[in-house]
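Following: one structure in structure tokens, then a few remarks.
Keep in mind that what you see is a predicted model, and the values were worked out from it rather than measured. Each chain gets a letter, A, B and so on, in the order the sequences are listed, and its residues count up from 1.
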There are 2 protein chains.
Amino acid sequence: MADDAREKWLAEAKRRMRSAGMRSGQSRTAVMELLARDGRCLMSAQDVVDAMSARGASSRASVYRVLDTLHELGMLHRIDSGDGVARFEIADPDEHHHHAVNEATGEITTFTDPVLEASIKAIAARLGLELTSHDVILRGTPAR
Amino acid sequence: MADDAREKWLAEAKRRMRSAGMRSGQSRTAVMELLARDGRCLMSAQDVVDAMSARGASSRASVYRVLDTLHELGMLHRIDSGDGVARFEIADPDEHHHHAVNEATGEITTFTDPVLEASIKAIAARLGLELTSHDVILRGTPAR
DNA sequence: GCAATAATGAGATTGGATCTTGTTATTGTC
DNA sequence: GACAATAACAAGATCCAATCTCATTATTGC
Ligand SMILES: [Zn+2]
Ligand SMILES: [Zn+2]
Ligand SMILES: [Zn+2]
Ligand SMILES: [Zn+2]
């Protein structure tokens with residue numbers, strides 16, 4: 001993701017926190033800035049905890065709380081990969097993508113597809129659903 | 001699902017177990033028959049444990065092992081709904097479907113969509129992936 | 001600056017899932 | 001059918017991500 005997109009994300013996250021009546025404590029600030037600066041695809045909460053403690057502080061509880069808050073504010077996607085560990089990534093409408101898992105190696109690749117997105121929108125409309133989020137995960141082995 | 005489809009599923013599950021060199025112990029047999037007879041959409045392991053203990057036996061460990069085995073044999077889908085509880089359902093090619101969560105009520109509905117499935121196949125081909133499984137989850141609130 | 005109160009940190013706790021170990025059951029062979 | 005080999009099982013201990021508790025600290029409006 002481009003640097004300016006990350007700055008925009010950070011500003012928007014702070015704005016939403018403020019307008020939700022939340023204070024800007026050190027943990028919230030630190031986690032948001034870490035995500036904006038070094039956030040990767042599919043970070044686990046533990047990844048963030050580790051990165052934070054390498055930088056000085058923020059308790060595990062705080063990291064979990066901030067990630068949850070950012071998710072509720074719509075600033076983070078939460079992806080459950082099936083191994084019992086929730087993973088997060090910055091929610092940027094311009095960078096919307098999904099993930100494919102190579103089951104032989106565990107390697108994860110990302111992809112985008114307009115037809116897929118269109119069909120998801122159509123399904124939601126058919127079901128009478130105002131879509132807030134959706135997940136798509138492909139799993140397979142490299143075709144020989 | 002139709003009764004004969006369930007019988008077919010049960011027979012196929014037993015066949016795959018056998019051809020994988022596995023014996024038919026009481027736990028495996030009981031869990032498979034329970035799933036074939038009373039299996040529902042999105043059953044948690046605990047659901048199965050409860051159903052089993054209501055019928056007499058099978059330890060928690062055994063239920064987890066059997067569910068895992070059936071998943072590895074391709075007889076069960078495993079869906080991670082995001083609440084930290086893995087959920088299972090019978091894998092029947094004729095009954096392939098996905099789930100939509102009403103975030104207001106927690107209610108889950110199922111849907112099928114040929115366009116969606118076609119786009120997933122196309123994406124897998126593009127990525128050079130021999131697809132073994134895929135998940136799609138929609139989340140939203142009822143459109144007003 | 002002060003009071004009100006939201007946010008944080010540290011550790012305890014929860015709960016789903018897995019692991020360990022001694023026991024039991026299944027299967028092929030005689 | 002009895003037997004030995006060994007796979008499967010049961011029960012409880014254990015693991016670990018995630019959450020909760022509550023005393024302490026920091027932020028904000030006044
Ligand atoms: Zn990603
Ligand atoms: Zn999408
Ligand atoms: Zn289902
Ligand atoms: Zn599908």
Roughly how many Å is it from [atom1] in [X] to [atom2] in [N], rounded to a whole number?
{"X": "Asp47(A)", "N": "dC16(D)", "atom1": "CG", "atom2": "P", "result": "16 Å"}
{"X": "Gln26(A)", "N": "dA26(D)", "atom1": "CD", "atom2": "C1'", "result": "8 Å"}
{"X": "Asp50(B)", "N": "dG15(C)", "atom1": "CG", "atom2": "C1'", "result": "14 Å"}
{"X": "Met22(B)", "N": "dT27(C)", "atom1": "CE", "atom2": "C1'", "result": "16 Å"}
{"X": "Tyr64(B)", "N": "dT14(D)", "atom1": "OH", "atom2": "C1'", "result": "14 Å"}
{"X": "Phe88(B)", "N": "dG16(C)", "atom1": "CZ", "atom2": "P", "result": "13 Å"}
{"X": "Leu70(A)", "N": "dA7(C)", "atom1": "CG", "atom2": "P", "result": "13 Å"}
{"X": "Arg60(B)", "N": "dG12(D)", "atom1": "CZ", "atom2": "C1'", "result": "8 Å"}

Ignoring the backbone of [X], work out which of [options] is nearest its side chain.
{"X": "Ser27(A)", "options": "dC19(C), dG16(C), dT8(C)", "result": "dT8(C)"}
{"X": "Ala86(A)", "options": "dG9(C), dA18(D), dA10(D)", "result": "dA18(D)"}
{"X": "Arg28(B)", "options": "dA8(D), dA7(C), dT18(C)", "result": "dA8(D)"}
{"X": "Arg23(A)", "options": "dA8(D), dA26(D), dA17(C)", "result": "dA26(D)"}

(request) Would you indicate what Gln46(A) reaches in the nucleic acid, counting non-hydrogen atoms under 4.0 angstrom: base, sugar-phosphate, or nothing? (result)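 If one applies the 4.0 Å heavy-atom cut-off, Gln46(A) turns out to touch nothing in the nucleic acid.
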(message) Do Leu131(B) and Leu138(A) have side chains that approach each other closer than 4.5 Å (heavy atoms only, starting at C-beta)?
(response)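 Touching, per the 4.5 Å side-chain cut-off.
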Distance check: side-chain N/O of [X] vs OP1/OP2 of [N], anything under 4.0 Å?
{"X": "Ser24(B)", "N": "dA25(C)", "value": "no"}
{"X": "Ser59(A)", "N": "dA10(C)", "value": "no"}
{"X": "Thr29(B)", "N": "dA8(D)", "value": "no"}

(message) Assuming nearest nucleotide by heavy-atom distance, tell me which of Ser58(A) and Val85(B) is located more 5' along DNA chain C.
(response)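 In this pair, the answer is Ser58(A).
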(request) Assign each of Arg18(B) and Ser44(B) to its nearest nucleotide of DNA chain C by heavy atoms, then name whichever residue's nucleotide is nearer the 5' end. (result)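 Its nucleotide being nearer the 5' end, the pick is Ser44(B).
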(message) Whether the Ser58(B) and Ser27(B) side chains hold a donor-acceptor pair (N or O, under 3.5 Å, no angle test) is what I'd like checked.
(response)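 Side-chain D/A pair, Ser58(B) to Ser27(B): present.
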(message) Please list all pairs meeting salt bridge (charged side-chain N to carboxylate O under 4.0 Å, His left out) that have one or both residues in residues 123-135 of chain A, counting only residues at least two apart or in different chains.
(response)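 For residues 123-135 of chain A, and leaving out neighbouring residues, the salt bridge (charged side-chain N to carboxylate O under 4.0 Å, His left out) pairs sorted by first residue read Arg126(A)-Asp113(B), Asp135(A)-Arg139(B).
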(message) Using a distance-only criterion (donor-acceptor N/O pair, under 3.5 Å, no hydrogens), is the base of dT19(D) paired with the side chain of Arg65(A)?
(response)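 Flag unset: no donor-acceptor pair detected.
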(message) Tell me whether Arg16(A) is salt-bridged to Glu12(A), with the criterion being a basic N under 4.0 Å from an acidic carboxylate O.
(response)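 Glu12(A) and Arg16(A): salt-bridged.
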(request) Kindly assign one of parallel, tilted or perpendicular to the pair His134(A) and His96(A), based on the angle between their ring planes and the thresholds 30° and 60°. (result)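 Tilted: the ring planes of His134(A) and His96(A) meet at 30° to 60°.
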